[in-house]
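Keep in mind that what you see is a predicted model, and the values were worked out from it rather than measured.
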Amino acid sequence: LTRSSDLVHLLAMGRCFVVTFLLLGALSTVAAKGYLYGLNSTLSGKGIALELIEYDAETATEVKRGSFEKYELTGQGLACIDDNRGVYYTLATNATTNKVALLGISLQTLSLDFEFELPILNEGFVGVGQYCNVDSESGVVIVEGRDIQSPNRHHLWAVNPKTKRASTLARLPDEGRVDILGGFSVLDLTNLVEWLQLAFNDSGIIGMRFYGFDAKTGEIGRA
């Protein structure tokens, strides 16, 4: 549970089978407005789709729902909210191309405002080892994952939704990552430090490593 200005972001995973539907969820709450947001991947005769559902936090009733065909939710339900602009960002996989994209969904209309394909390698466990955090002051979204050109090394990208451009922020110094074990990320908005925890395999010895990157320059301060 992390607090960012007047928002409380609660990211959780839920798995359940409803008839033939596999629902993978991530939850976020907007404390000031009393709304709860949940992500689902649904499968029907029309194919796969990602859904963002808005609930009234007091009554637990659905307020509205947005559906985005061709995309499926990544395995960890990775999401963050730009509270200054009212945009819900999530990493998703294009079910046709198997490529990773950053989606920006308007919380006012639950429509897709931003769609950006990323140079991230998808592995067998879709979404594992991928993270996103947003700087609500600048609007820049920091995304992390394995570079498709150098798949054994993780990169950080700074994605600017306004210009629809991405730049490499940093390359993690270590290789041999073991993404499925205990990774996470968080953006310290006060000090503008992007923190990452990733597991690594050093000649058969599995360990955890903690990294701190300057969110503007990409300079690594701690590891």
Side-chain angles (χ1 to χ4, degrees), residues 1-5 7-15 24-31 36-39 41 72-83 88-93 100-104 118-136 140-147 151-159 166 168-202 205-216 218-223:
L1 184 67
T2 61
R3 186 174 297 274
S4 168
S5 66
L7 279 181
V8 176
H9 303 317
L10 173 62
L11 301 181
M13 283 302 301
R15 290 174 182 258
L24 298 177
L27 299 178
S28 299
T29 59
V30 182
L36 177 70
Y37 296 93
L39 281 175
S41 275
E72 61 177 315
L73 185 64
T74 57
Q76 295 176 310
L78 309 167
C80 56
I81 294 177
D82 183 339
D83 47 318
Y88 190 109
Y89 288 104
T90 182
L91 294 179
T93 298
V100 181
L102 176 66
L103 306 182
L118 296 161
I120 290 179
L121 176 70
N122 247 340
E123 301 184 72
F125 292 94
V126 178
V128 173
Q130 301 169 13
Y131 308 98
C132 67
N133 294 290
V134 62
D135 176 0
S136 292
V140 170
V141 184
I142 299 175
V143 178
E144 189 270 343
R146 287 182 184 266
D147 188 342
N152 203 33
R153 188 178 292 276
H154 282 259
H155 286 207
L156 286 176
W157 292 272
V159 182
T168 299
L169 190 62
R171 296 175 176 84
L172 269 69
D174 301 306
E175 297 186 358
R177 313 266 27 118
V178 186
D179 292 333
I180 199 170
L181 299 177
F184 77 91
S185 76
V186 65
L187 176 60
D188 178 347
L189 292 174
T190 300
N191 300 297
L192 288 180
V193 176
E194 174 77 0
W195 292 101
L196 292 169
Q197 176 182 289
L198 291 170
F200 66 95
N201 185 341
D202 185 4
I205 300 174
I206 306 297
M208 304 297 294
R209 192 155 289 162
F210 204 40
Y211 306 87
F213 292 90
D214 186 299
K216 289 189 177 296
E219 181 180 355
I220 187 167
R222 301 175 185 176

Residue pair [X] / [Y]: nearest heavy atoms and the distance that separates them:
| X | Y | value |
| --- | --- | --- |
| Ala79 | Leu39 | CB-CD1, 4.3 Å |
| Ser185 | Asn133 | OG-ND2, 2.9 Å |
| Ser136 | Leu189 | N-CD2, 4.5 Å |

Supply the atom-to-atom distance [X] [atom1] to [Y] [atom2], rounded to the nearest 0.5 angstrom.
| X | Y | atom1 | atom2 | result |
| --- | --- | --- | --- | --- |
| Leu198 | Leu172 | CG | CG | 6.0 Å |
| Leu121 | His154 | CG | NE2 | 9.5 Å |
| Asp135 | Glu194 | CG | CD | 10.5 Å |
| Leu187 | Cys132 | CG | SG | 11.0 Å |

Does any non-hydrogen side-chain atom of [Y] lie less than 4.5 Å from one of [X]?
| X | Y | answer |
| --- | --- | --- |
| Glu144 | Leu156 | yes |
| Leu192 | Asp214 | no |
| Ile142 | Tyr131 | no |

Of Val140, Leu118, Leu169, the residue whose pairing with Val159 passes side-chain contact (heavy atoms from CB on, under 4.5 Å): Leu118

The single option from Phe210, Tyr211, Phe213 that satisfies ring-ring contact (aromatic ring centres under 6.0 Å, His included) with Trp195 is Phe210

Run through His155, Arg171, Arg153 and flag the one making a side chain to side chain donor-acceptor pair (under 3.5 Å) with Asp147. His155

Any sub-3.5 Å donor-acceptor pair from Ser41's side-chain atoms to Leu73's backbone N or O? yes

